[in-house]
2 protein chains.
Amino acid sequence: MALNHSRQRDAIMDFLSYRKDHPTAEVIYDNVKKVYPKISLGTVYRNLTLLADNGVIRRLRTRDSKDHFDADLSPHYHFMCNGCGCITDIFLDHTKELEAAANELTPGMITGHEVFFYGTCPSCMKIKNET
Amino acid sequence: MALNHSRQRDAIMDFLSYRKDHPTAEVIYDNVKKVYPKISLGTVYRNLTLLADNGVIRRLRTRDSKDHFDADLSPHYHFMCNGCGCITDIFLDHTKELEAAANELTPGMITGHEVFFYGTCPSCMKIKNET
DNA sequence: AAATAAAACAGTAATCATTACTGATTTAGA
DNA sequence: TCTAAATCAGTAATGATTACTGTTTTATTT
């Protein structure tokens, strides 16, 4: 596979590293374009897939049918707001416990899991209360 | 919204009720077509969306980028095989506990959550060992 | 049972996120 | 500097899902 470096891939990785909101390919594209105006959306997608396949980043599949990406590989869960679609991290200690419990109940072999919480974020709760 | 009945919708619901493997719209279409040969894929999609929006069934978004549907509304989690893509149920008691713990850490309001375990199912493990 | 309006249908076109393809450019190592 | 592999920009294609249109069912009222 031999992952080289490239200005574009590094820029994507860089952008993703300092963002904590797990942006979509589109958002990443819009932002990296500020630095590399000629970058194409295809390049963004190709690199995100490449990085995800090599375990450098995580791909999150959510209810909004767009993929989101996360450069933080530490075990943690996510919360998505049903109102605005924003995503935030949730760090719980249940990781190993959950996986162990699930492994006991399953004849197969479990190698990982994802948890998504859904609900309403603080700013969307405000809006609701005002209405 | 006023959900009537219709032969097609009832057939979809019926099929989904006795299947435990959370089929995709395509699979549901192929099967319901045996009973209603003229049913269209659009009808299947429209009804699945309608049923999901009315809380009669659950829509599962997975790594395979196809939606899967589940007529079992009881709180439970899912396991998906990375090999063949099959999905099975996992019943754990952690539901309330997890959500309570997450709610403490989040300024927003959590109303539900989904857990997906990934790994290798028994039959795919066999195949691996034989190779 | 006939009349009627709302809901649902089949069939098909359109959408949208993502992936694949092509010929040109960049990268890394000799 | 040279060269092969990797990557790129740009664009076409894919695949799941949704929207649209004119017709048929459904539930309800007479």
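All chains are named by letter (A, B, ...) in the order of the sequence lines, taking the proteins before the strands, and each is independently numbered beginning at 1.
- A donor-acceptor pair is defined here as one N or O able to donate and one able to accept, closer than 3.5 Å; no such pair exists between the side chain of A:Thr43 and the backbone of A:Ile39.
- A salt bridge links A:Arg19 and A:Asp21; the closest N-O separation between the charged side-chain nitrogens and carboxylate oxygens is under 4.0 Å.
- Spacing between atom CG of A:Asn47 and atom P of C:dT27 amounts to 13 Å, rounded to whole angstrom units.
- Considering only side-chain N and O atoms, A:Ser40 lies nowhere under 4.0 angstrom from the phosphate OP1 or OP2 of D:dG10.
- Spacing between atom CG of A:Leu50 and atom C1' of D:dA6 amounts to 10 Å, rounded to whole angstrom units.
- Between the B:Asn54 side chain and the B:Val56 main chain, no donor and acceptor come within less than 3.5 Å of each other.
- Here B:Arg7 pairs with nothing under the salt bridge (charged side-chain N to carboxylate O under 4.0 Å, His left out) rule; sequence neighbours left out.
- Ion pairing of A:Arg61 with A:Glu114 is absent here, as no side-chain N (NZ or NE/NH1/NH2) approaches a carboxylate O to less than 4.0 Å.
- Taking atom NZ of A:Lys38 as the reference point, atom C1' of C:dA24 lies 11 Å away to the nearest angstrom.
- Atoms CG (A:Asp10) and C1' (C:dA28) sit 13 Å apart, rounded to a whole Å.
- In this structure, CD1 of A:Ile28 is placed 14 Å from P of C:dA17, rounded to the nearest angstrom.
- Here the nucleotide nearest the side chain of B:Ile39, chosen from C:dC9, C:dA10, D:dT7, is C:dA10.
- The side chain to side chain donor-acceptor pair (under 3.5 Å) analysis of residues 90-108 of chain B, with sequence neighbours excluded, yields the pairs B:Glu99-B:His113.
- For B:Leu51 and C:dA8, the CG to P distance is 10 Å, given to the nearest whole Å.
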How does protein reach along nucleotides 12-30 of chain D, written 5' to 3' as B (base within reach of a heavy atom under 4.0 Å), S (only sugar-phosphate), or - (no contact)? ----SBB-------SS---
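- Rounded to an integer number of Å, the gap from A:Tyr36 OH to D:dG10 P is 15 Å.
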